[in-house]
Number of protein chains: 2
Amino acid sequence: MKAARICKEIGLKLTPQRMAILDYLEGNTSHPSAEEVYAAVSKRFPAISVATVYNTLASLRDRGCLLELTIDPSKKRYDPDTRPHHHLICTSCKRVADIEFKYDLSVPEGLRMGYEITGNHIEFYGLCPECKKPRRSGARR
Amino acid sequence: MKAARICKEIGLKLTPQRMAILDYLEGNTSHPSAEEVYAAVSKRFPAISVATVYNTLASLRDRGCLLELTIDPSKKRYDPDTRPHHHLICTSCKRVADIEFKYDLSVPEGLRMGYEITGNHIEFYGLCPECKKPRRSGARR
DNA sequence: CTTTCATCTTGGAATCATTCTAAATTGATA
DNA sequence: TATCAATTTAGAATGATTCCAAGATGAAAG
């Protein structure tokens, strides 16, 4: 879906900053952090401020157009693919991959402790191809 | 298991501060944050510093005696129950409950992207009994 | 094509959780 | 009882994120 249309449909003003952020996000499977979105968008749009990036990401998240992942302990990661799916994080370099597979995650009535369950998400932990190789660590933080 | 024995077995010095922290953690199912551990332990041990709480939690986590949960977006939460299990968080008040149930979470070979998978954890989202009731919000942050 | 105004953007300050530091203290072993 | 690595501590430092107040600007209305 085009950036312009997304904004219009969810009632957001179409500003050049948002266009740039949405363009960067569209189809992006790197699960970037806010800082990474800022770094990437700054190249095309040098005047943009970090606050705008945070604001826009929050607006998109609030309207269900962007997933905010908590899988990385040190920062939030974003995923423009809002279809239900799961994630796999490399515990060494923090690279995140999508796991598009259906699991039966129903919780037996007796274990719900009175909660109403509204969603779920699986975090898989592992080592990416790069980090599996000894020496040459790909750790990025 | 008694605090004293835990320390000895994992090669940690037995200090009064650690005793207090381990005592508070033992059997605790509230999934406290570091700040909450500090607040609770401070009552019994007023002189303890936050740094010690963070240090001790990290030591226990590193030795596999404590799980560090990333399910709460704003802070890390800790769980002294290290048996594999999952969690359910109330998206309103952030209360966390344990879900002790086995799920088949095997990832089809073709979807592993070359990663070696070492673990998993399911985050369930929902509303706790308190927050389901209208009005009187139990939000704690 | 102007006016209008709620929505946006912005730089910088502020906040929050967490980590780091360097010095003083102290379990635990010899 | 001496010794020393492991600990504790207060406070500074860091990193991510949020807040703020003021100026700018899409877009609906006329």
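What you are looking at is a predicted structure, and each value in this text was computed from that prediction instead of being measured. Residue numbers begin at 1 in each chain, while the letters A, B, ... track the order of the sequences.
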key: A/Arg61 vs A/Glu68, salt bridge (Lys or Arg N to Asp or Glu O under 4.0 Å): CA-CA, chis, key distance, verdict   = CA-CA 7 Å; A/Arg61 182 243 292 138; A/Glu68 190 170 76; 3.2 Å; yes
key: Residues A/Arg77 and A/Asp72 bridged, charged N to O under 4.0 Å   = yes
ask   = Which nucleotide in the set D/dT9, D/dG26, C/dT9 lies at the smallest distance from any side-chain heavy atom of A/Thr56?
value = C/dT9
ask   = Does a side-chain N or O from A/Gln17 land closer than 4.0 Å to OP1 or OP2 of D/dT25, or not?
value = no
ask   = How are the rings of A/His121 and A/His87 set to each other: parallel, tilted or perpendicular (split at 30° and 60°)?
value = tilted
task = Write out all pairs satisfying side chain to side chain donor-acceptor pair (under 3.5 Å) with one or both partners inside residues 104-115 of chain B, taking only residues at least two apart or from two chains.
result = B/Asp104-B/Ser106, B/Glu109-B/Arg112
note = Ranking C/dG27, C/dT19, D/dT17 by distance to the side chain of A/Lys76, first place goes to D/dT17
key: side chain to side chain contact (heavy atoms under 4.5 Å, CB included) assessment of B/Tyr54 paired with B/Ser49   = CA-CA 9 Å; B/Tyr54 275 99; B/Ser49 92; over 6 Å; no
Closest listed nucleotide, where the reference is the side chain of A/Pro16 and the choices are C/dA17, D/dG26, C/dG27 = D/dG26
message = Between A/Ser59 and A/Ser49, which residue's closest nucleotide on DNA chain C lies nearer the 5′ terminus?
response = A/Ser59
inquiry  = Nearest to the B/Thr15 side chain among C/dT10, D/dA27, D/dT8, which nucleotide is it?
reply    = D/dT8
query = Where the side chain of A/Ala51 is concerned, which of C/dT18, C/dA28, C/dG11 is the nearest nucleotide?
reply = C/dG11
remark   = Side-chain contact check for A/Leu12: nearest option of C/dT10, C/dC8, C/dT18 is C/dC8
ask   = What nucleotide among C/dT18, D/dT17, D/dT9 has an atom nearest to a side-chain atom of A/Ala34?
value = D/dT17
Below 3.5 Å between N/O atoms, which protein atoms pair up with nucleotides 24-26 of chain C? Just atom names and distances, please.
none

task = Looking only at side-chain atoms of A/Tyr54, point me to the closest of D/dG26, D/dT18, D/dT8.
result = D/dT18
ask   = Within the structure shown, what part of the strands sits under 4.0 Å from B/Ala58 by heavy-atom distance: base, sugar-phosphate, or nothing?
value = nothing
query = Relative to each other, are the rings of B/Tyr103 and B/Phe124 parallel, tilted or perpendicular (30° and 60° limits)?
reply = tilted
